[in-house]
Amino acid sequence: DNKTIATQRDEICPEHPKNNTRDTCKEFSRRYRNHETGLFIYGDPAGKHEDTRNEAGHNDFKIIQKELKRFAPRLRIMRKSPSIVMRGNFINDCFANRLKNICIFIGTNCVNSKMDYNFVKETSDGKKLKKKVKDPKTQVSYEKHGHTSDANDYFLIEFFRVDYKIYLSGGKTSNGFISKTKTNNKTY
């Protein structure tokens, strides 16, 4: 069987007030301090834009490159964001085993990712419904579901770039036609 497999082994989802790019990088550095084989950075192309959260001349990816410099990070960021609807359809088809040559596994320790995939809802136009909730302790409002799967989406679309382009053009993957087999939508 000639399958391409993507396995998520970990997730870093800090809570308020450490849910920012710099603190996430610090946690990565702590967890993977012995990592020596380089690092690829994927993400939302909108992270290339300066915004009011960062100092002038900086964006999320420049912060990542600075904070993780010792890992020799290389950016693999798309020029523009893929369609939310099409990337959602593609990833749903991957999880449902409708693409013969693609497998995605989510580690049992990746609680936020699994919750996101199981509970994020779809809007009537096929996008992700990101409802705001308020943390009872901190009184901070946040979107409960959608962010972890968004981060995974950018990686998966780029990782399976060839198959995604084929998928967009009508359904034949590099290892055969899209299977019509239906299975349970499970994460492993």
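If you read the sequence from its start, that first residue is 1, and numbering goes on from there.
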**Student:** By side-chain contact (heavy atoms from CB on, under 4.5 Å), which residues pair with Lys121, not counting sequence neighbours?
**Tutor:**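 Counting only residues at least two positions away or on another chain, Lys121 forms a side-chain contact (heavy atoms from CB on, under 4.5 Å) with Leu129.
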**Student:** For residues 132-153, which residue pairs qualify under ring-ring contact (aromatic ring centres under 6.0 Å, His included), counting only residues two or more places apart or in two chains?
**Tutor:**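 ring-ring contact (aromatic ring centres under 6.0 Å, His included) check on residues 132-153 returns Phe119-His145.
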**Student:** When you group the ILVMFWY residues by side-chain heavy-atom contacts below 4.5 Å and let the links chain together, are Val120 and Val133 in the same group?
**Tutor:**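 Val133 does not cluster with Val120.
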**Student:** Apply side-chain contact (heavy atoms from CB on, under 4.5 Å) to Asp23 and list each qualifying residue two or more places apart in sequence or on a separate chain.
**Tutor:**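 side-chain contact (heavy atoms from CB on, under 4.5 Å) list for Asp23, sorted by chain: Lys18, Asn20, Lys26.
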**Student:** Quick one: SG on Cys103 to CG on Asn97, what's the gap to the nearest 0.5 Å?
**Tutor:**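 Atom-to-atom, Cys103:SG and Asn97:CG are 6.0 Å apart.
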**Student:** Side-chain donor-acceptor pair under 3.5 Å between Asp93 and Tyr167, yes or no?
**Tutor:**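 A pair is found: one side chain offers a donor N or O, the other an acceptor, under 3.5 Å apart.
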**Student:** For the aromatic rings, using the six-membered ring if either is Trp, is the centroid distance between Phe160 and Tyr164 under 6.0 Å?
**Tutor:**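 Between Tyr164 and Phe160, which both carry aromatic rings, the centre distance is not below 6.0 Å.
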**Student:** Looking at residues at least two apart in the chain, or sitting in another chain, which of them share a side-chain contact (heavy atoms from CB on, under 4.5 Å) with Thr37?
**Tutor:**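 For Thr37 the side-chain contact (heavy atoms from CB on, under 4.5 Å) partners, ignoring immediate neighbours, are His35.
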**Student:** Does the pair Lys131 and Glu143 meet the rule for a side chain to side chain contact (heavy atoms under 4.5 Å, CB included), with working shown?
**Tutor:** CA-CA 5 Å; Lys131 285 188 176 181; Glu143 293 170 346; over 6 Å; no
**Student:** Table please: side-chain donor-acceptor pairs of residues 69-78 below 3.5 Å, with sequence neighbours left out.
**Tutor:**
| residue | atom | partner | partner atom | Å |
| --- | --- | --- | --- | --- |
| Arg70 | NH1 | Arg33 | O | 3.2 |
| Arg70 | NH2 | Arg33 | O | 3.3 |
| Arg76 | NH1 | Tyr42 | OH | 3.1 |

**Student:** Might you confirm whether atom CD of Gln139 has over 12 heavy atoms from other residues, nucleotides or ligands at distances under 6.0 Å?
**Tutor:**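 Atom CD in Gln139 is packed in, count exceeds 12.
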**Student:** Looking only at side-chain N and O atoms, does Ser149 offer a donor or acceptor that is under 3.5 Å from a partner on Lys128?
**Tutor:**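 The criterion, which ignores hydrogens and geometry beyond distance, is satisfied for Ser149 and Lys128.
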**Student:** Are Ile102 and Met86 linked, directly or through other ILVMFWY residues, by side chains that come within less than 4.5 angstrom of each other?
**Tutor:**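 Yes, Ile102 and Met86 fall within the same hydrophobic cluster.
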**Student:** I'd like to check the salt bridge (charged side-chain N to carboxylate O under 4.0 Å, His left out) partners of Lys130; sequence neighbours left out, ordered by chain and number.
**Tutor:**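 Testing Lys130 for salt bridge (charged side-chain N to carboxylate O under 4.0 Å, His left out), a comparison that skips the adjacent residues, returns Asp150.
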**Student:** With sequence neighbours excluded, what pairs up with Glu27 under the salt bridge (charged side-chain N to carboxylate O under 4.0 Å, His left out) test?
**Tutor:**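 With neighbours one apart ignored, the set is Arg30, Arg31.
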**Student:** Find out if a path of hydrophobic residues (ILVMFWY) with successive side-chain heavy-atom gaps under 4.5 Å connects Val111 to Phe105.
**Tutor:**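 Different clusters: Val111 never reaches Phe105 through Ile, Leu, Val, Met, Phe, Trp or Tyr contacts under 4.5 Å.
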**Student:** Any chance you could measure Lys144, atom NZ, to Met115, atom CE, to the nearest 0.5 Å?
**Tutor:**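 Spacing of NZ (Lys144) from CE (Met115) equals 6.0 Å.
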**Student:** Could you go through the side chain to side chain contact (heavy atoms under 4.5 Å, CB included) check for Leu39 and Phe28 one step at a time?
**Tutor:** CA-CA 11 Å; Leu39 182 64; Phe28 180 90; 3.6 Å; yes
**Student:** Among all residues two or more places apart in sequence or in another chain, which pass the salt bridge (charged side-chain N to carboxylate O under 4.0 Å, His left out) test with Asp44?
**Tutor:**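 None.
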**Student:** Give, for atom CD1 of Ile84 and atom CD of Glu122, the distance between the pair rounded to the nearest 0.5 Å.
**Tutor:**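 It is 11.0 Å, given to the nearest 0.5 Å.
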**Student:** One pair to check against side chain to side chain contact (heavy atoms under 4.5 Å, CB included): Val85 and Lys127. What are the steps and the verdict?
**Tutor:** CA-CA 6 Å; Val85 174; Lys127 296 180 180 175; 4.3 Å; yes
**Student:** Out of curiosity, Asn152 CG to Cys110 SG, how far, rounded to the nearest 0.5 Å?
**Tutor:**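 Here the interatomic distance stands at 8.0 Å.
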**Student:** Could you tell me whether the side chain of Asp153 reaches within less than 4.5 Å of the side chain of Phe90, counting heavy atoms only?
**Tutor:**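 Counting from C-beta outward, Phe90 and Asp153 never come under 4.5 Å.
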**Student:** Sequence neighbours excluded, which residues qualify as ring-ring contact (aromatic ring centres under 6.0 Å, His included) partners of Phe159?
**Tutor:**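 Partners of Phe159 under the ring-ring contact (aromatic ring centres under 6.0 Å, His included) test: Phe155.
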**Student:** Using the side chain to side chain contact (heavy atoms under 4.5 Å, CB included) rule, take Asp163 and Leu99 through it: C-alpha gap first, then chi angles, then the decisive distance, then the call.
**Tutor:** CA-CA 9 Å; Asp163 290 300; Leu99 300 180; 5.8 Å; no
**Student:** Considering residues at least two apart in sequence or located in another chain, which fulfil the salt bridge (charged side-chain N to carboxylate O under 4.0 Å, His left out) criterion with Glu67?
**Tutor:**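 Once residues adjacent in sequence are excluded, the partners of Glu67 under the salt bridge (charged side-chain N to carboxylate O under 4.0 Å, His left out) criterion are Arg22.
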**Student:** Give, for atom CD1 of Ile41 and atom CG of Leu68, the distance between the pair rounded to the nearest 0.5 Å.
**Tutor:**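 Interatomic distance, Ile41 CD1 to Leu68 CG, rounded to 0.5 Å: 5.5 Å.
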**Student:** Please check if any side-chain donor atom of Asn101 sits under 3.5 Å from a side-chain acceptor atom of Asn2, or the reverse.
**Tutor:**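 On atom types as modelled, these side chains do not qualify, holding no pair under 3.5 Å.
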**Student:** Could you pull out all residues at least two apart from Thr148 that satisfy side-chain contact (heavy atoms from CB on, under 4.5 Å)?
**Tutor:**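 Here the qualifying residues are Glu11, Cys13, Asn112, Ser113, Asp116.
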**Student:** With a cut-off of under 6.0 Å to the ring centre and 45° to the axis, is Arg87 in cation-pi contact with Tyr154?
**Tutor:**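 Flagged: Arg87 positioned over aromatic ring of Tyr154.
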**Student:** Out of curiosity, Ile64 CD1 to Cys25 SG, how far, rounded to the nearest 0.5 Å?
**Tutor:**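 SG of Cys25 is found 5.0 Å from CD1 of Ile64.
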**Student:** Between Lys48 and Asn59, is there a donor-acceptor pair closer than 3.5 Å when you use the side chain of the first and the backbone of the second?
**Tutor:**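 Not at all, since once roles are kept as given, no pair shorter than 3.5 Å links the two residues.
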**Student:** Which residues satisfy the side-chain hydrogen bond (donor to acceptor under 3.5 Å, both in side chains) test with Asn34, sequence neighbours excluded?
**Tutor:**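 Not a single residue meets the side-chain hydrogen bond (donor to acceptor under 3.5 Å, both in side chains) criterion with Asn34.
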